[in-house]
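A short worksheet on the structure shown next.
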Amino acid sequence: TMRKRGTMNNDLKTEEMCENWLIQQKAKIKKSTYANYCYLIRKLIEPKLGEIDVMKLKKAYLEQLVLDLQEREYADSTIYSALRVLKTILRKNAVQNENYEEMIHHCYLTVHRLESKVLLEDESACIKEYLLQKNDTYALGILLCRSTGIRIGELCGLKWEDIHLDTGIFEIKRTVSRIQNDNYREGLPKTMLYIRTPKSFSSIRTIPIPDFLENCLKEKRKPEDCYFLTGTTRCTEPRNVQKHFKTILKHCNLSDYNFHSLRHGFASSCLESGVECKTVSSILGHSSTQITMDLYVHATLKQKAKCVNMF
C-alpha cells in the first residue's frame, strides 16, 4: 500500500519504501533512468537493507552496505549512484528517525567519483593517425567523439540525416543504450536496446564538424534514414563501439582506457587551451558550466608544477 509523505508506519521495511518510490517515479522519468534505478535498488540496496525497518536504519547499516558492495567489486561510481538514490528516497519519504541526518551525511561522504584516465597527447595523436588510415565509419565515428566529446550512446544514435555537410554541422537528437527489460518474462530477453532523445534538453545540440573529417564523411555518405555507424536502418549499441575502441588501443600498443576517456580528454584539453568553459559545456551538452568543471576538469602534473613555481 502506498503511504503519503510523512505518514510512515513504524514497521515499514526499507524494501517497501524503495518499491513505493519506484512506483511514484515510473511515469515521470525516462525508461533508461527507471531501469537504472531498478538495478541500483534491487541489486545493490534491497538485498542488504530490504528487511530492515526504516525507523531502525542507521549509519552502521550503510557502512556495511558499502563494504559489502566493495567486496563484490562494484565500481565506486556505482556505489556512489546507489547511495545518491537511497538519500533521495529517504528525503522523499521524510524518514525522521534519530539517525536521519547522520545517514544523509554519510551518503554524501562515503564514496567519491574516481577521475577518468585521460589519453596523453601523444597517445591521442597516435589514435588519430591510425583511425585516419583505417577510414571506415567506426574509425570516423570514434574520431568524431575524440574531436567533439559526444557520448558513446549519442554516436550510436547518429543518423546521416543529422549530418549536414553543406553547412558543416551535425546534430545530436537521439541516444542508444541497453537497459533491463521491465516487462521481462520467460522466453523474452532480459535486456532491450532503447533509442530515445538525449538525457536532457541541453543534450539536444548542434556541433560543428571538424574540418579534417569533412572529406572523409562525404566519401561515406549513405541515405538519410541510415544510422551513421552501420550504414543501415538498424543501429548498433555502445558495447560494440567499446569493443572496437579496445581493439584500436591494442593496435596502437596503448594501455587500457575506457571509451569515456575520449570525452574527458576533449573537455580537459579544450579548457587547458583556454577555450571558454561555456563553449565547452555547450558542445558537451551539459546544463551548466559547473557540471563541466566538476566532472571533466582535472589538474595535470604540468599544471601543478606551473602553479608551485609561480612565486
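The hydrophobic clustering, which links ILVMFWY residues whose side-chain heavy atoms are closer than 4.5 Å, places Leu193 and Leu158 apart. Linking ILVMFWY side-chain heavy atoms closer than 4.5 Å, directly or via other members, places Phe245 and Leu132 in a single hydrophobic cluster. Hydrophobic clustering places Leu262 together with Ile207 (ILVMFWY residues linked when any side-chain heavy atoms are closer than 4.5 Å, directly or through intermediates). Transitive grouping of hydrophobic side chains (ILVMFWY, heavy atoms separated by less than 4.5 Å) keeps Val176 and Met192 in distinct clusters.
Residues Ile41 and Ile89 meet the side-chain proximity criterion, which asks for heavy atoms closer than 4.5 Å. At least one side-chain heavy atom of Tyr257 sits under 4.5 Å from a side-chain heavy atom of Glu123. Counting only heavy atoms from C-beta outward, the side chains of Ile179 and Tyr34 never approach each other to under 4.5 Å. Between Leu254 and Ile248, the closest side-chain pair of non-hydrogen atoms is not below 4.5 Å. The shortest distance between side-chain heavy atoms of Leu140 and Leu131 does not fall below 4.5 Å. Considering only heavy atoms from C-beta on, Ile204 stays 4.5 Å or farther from Ile172 through its side chain. Taking the side chain as every heavy atom from C-beta outward, Leu271 and Thr292 approach each other to under 4.5 Å. The closest side-chain heavy-atom distance from Pro238 to Arg151 is not below 4.5 Å.
Atom-to-atom distance recorded for Lys220:NZ and Asp136:CG is 6.5 Å, nearest 0.5 angstrom. In this structure, Leu119 CG and Cys252 SG are separated by 10.0 Å, a value rounded to the nearest 0.5 Å. The distance from the CD1 atom of Ile291 to the OG atom of Ser202 is 7.0 Å, given to the nearest 0.5 Å. Atoms CG and CG, from Leu143 and Leu213 in turn, are 5.5 Å apart once rounded to the nearest 0.5 Å. Here the CG atom belonging to Asn253 is positioned 7.5 Å from the SG atom belonging to Cys126, to the nearest 0.5 angstrom. Ile283 CD1 to Thr279 OG1: the interatomic distance, rounded to the nearest 0.5 Å, is 6.5 Å.
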Q.
If you apply the rule side chain to side chain contact (heavy atoms under 4.5 Å, CB included), what do you find for Lys92 with Trp21, and how did you get there?
A. CA-CA 8 Å; Lys92 289 290 184 184; Trp21 183 80; 3.9 Å; yes
Q) Hey, mind stepping through Glu171 and Lys173 against salt bridge (Lys or Arg N to Asp or Glu O under 4.0 Å) and telling me if it holds? A) CA-CA 6 Å; Glu171 299 174 280; Lys173 294 180 178 178; 3.7 Å; yes
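The pair Lys48-Glu51 does not meet the salt-bridge criterion, since no charged nitrogen lies less than 4.0 angstrom from a carboxylate oxygen. A salt bridge links Arg174 with Glu161: at least one charged nitrogen is closer than 4.0 Å to a carboxylate oxygen. Under a 4.0 Å N-O distance rule, the pair Arg205/Glu154 qualifies as a salt bridge. Note on Arg42 versus Glu19: salt bridge recorded, some NZ/NE/NH1/NH2 to OD/OE distance being below 4.0 Å.
In this view, Asp256 and Lys246 satisfy the salt bridge (charged side-chain N to carboxylate O under 4.0 Å, His left out) rule, not counting sequence neighbours. Remark: Glu237 pairs with Arg178, Arg239 by the salt bridge (charged side-chain N to carboxylate O under 4.0 Å, His left out) rule, at least two apart or across chains.
At least one donor-acceptor pair under 3.5 Å links the side chain of Ser281 to the backbone N or O of Ser288. In this structure, the side chain of Ser261 engages the main chain of Asn258 through a donor-acceptor pair within 3.5 Å. Although no hydrogens or angles enter the test, the distance criterion places no donor-acceptor pair under 3.5 Å between the side chain of Thr33 and the main chain of Ile29. Judged by distance alone, the side chain of Ser268 and the main-chain N or O of His264 form a donor-acceptor pair under 3.5 Å. Looking only at distances, no side-chain donor or acceptor of Thr289 sits under 3.5 Å from a matching main-chain atom of Cys277. In this structure, Arg263 contributes its side chain and Leu284 its backbone to a donor-acceptor pair below 3.5 Å.
The two residues Leu155 and Ile142 make their nearest non-hydrogen contact at CD2-N, 4.3 Å. Contact record, Pro198 with Thr175: CA-CG2, 4.0 Å, taken as the closest heavy-atom pair. In plain terms, the two heavy atoms of Leu144 and Thr148 that are nearest each other are O-OG1, 2.6 Å. Residue Thr230 comes nearest to Cys235 through the heavy atom pair CG2-C, 3.9 Å, listed as atom of the first residue, atom of the second, then distance. Cys145 and Ile150 make their closest contact through SG-CG1, 3.6 Å (heavy atoms, listed as atom of the first residue, atom of the second, distance). Residues Asp162 and His164 share a closest heavy-atom pair of O-CD2, 3.5 Å.
Taking the six-membered ring for Trp, Trp160 and Tyr227 have ring centres at least 6.0 Å apart.
The cationic atom of Lys43 (NZ for Lys, CZ for Arg) does not lie both less than 6.0 Å from the six-membered ring centre of Tyr39 and within 45° of the ring axis. For the pair Lys128 and Phe212, the cation-pi criterion (under 6.0 Å, within 45° of the ring axis) is fulfilled.
Taking the six-membered ring where tryptophan is involved, the planes of His251 and Tyr130 are essentially parallel, since the angle between them stays under 30° and well short of 60°. Taking the six-membered ring where tryptophan is involved, the planes of His244 and Tyr138 are essentially parallel, since the angle between them stays under 30° and well short of 60°.
Environment of CD in Glu121: sparse, with no more than 12 heavy atoms of neighbouring residues, nucleotides or ligands closer than 6.0 Å.
Lys13 pairs with exactly one of Ile52, Leu49, Asp53 by the side chain to side chain contact (heavy atoms under 4.5 Å, CB included) rule, that one being Asp53.
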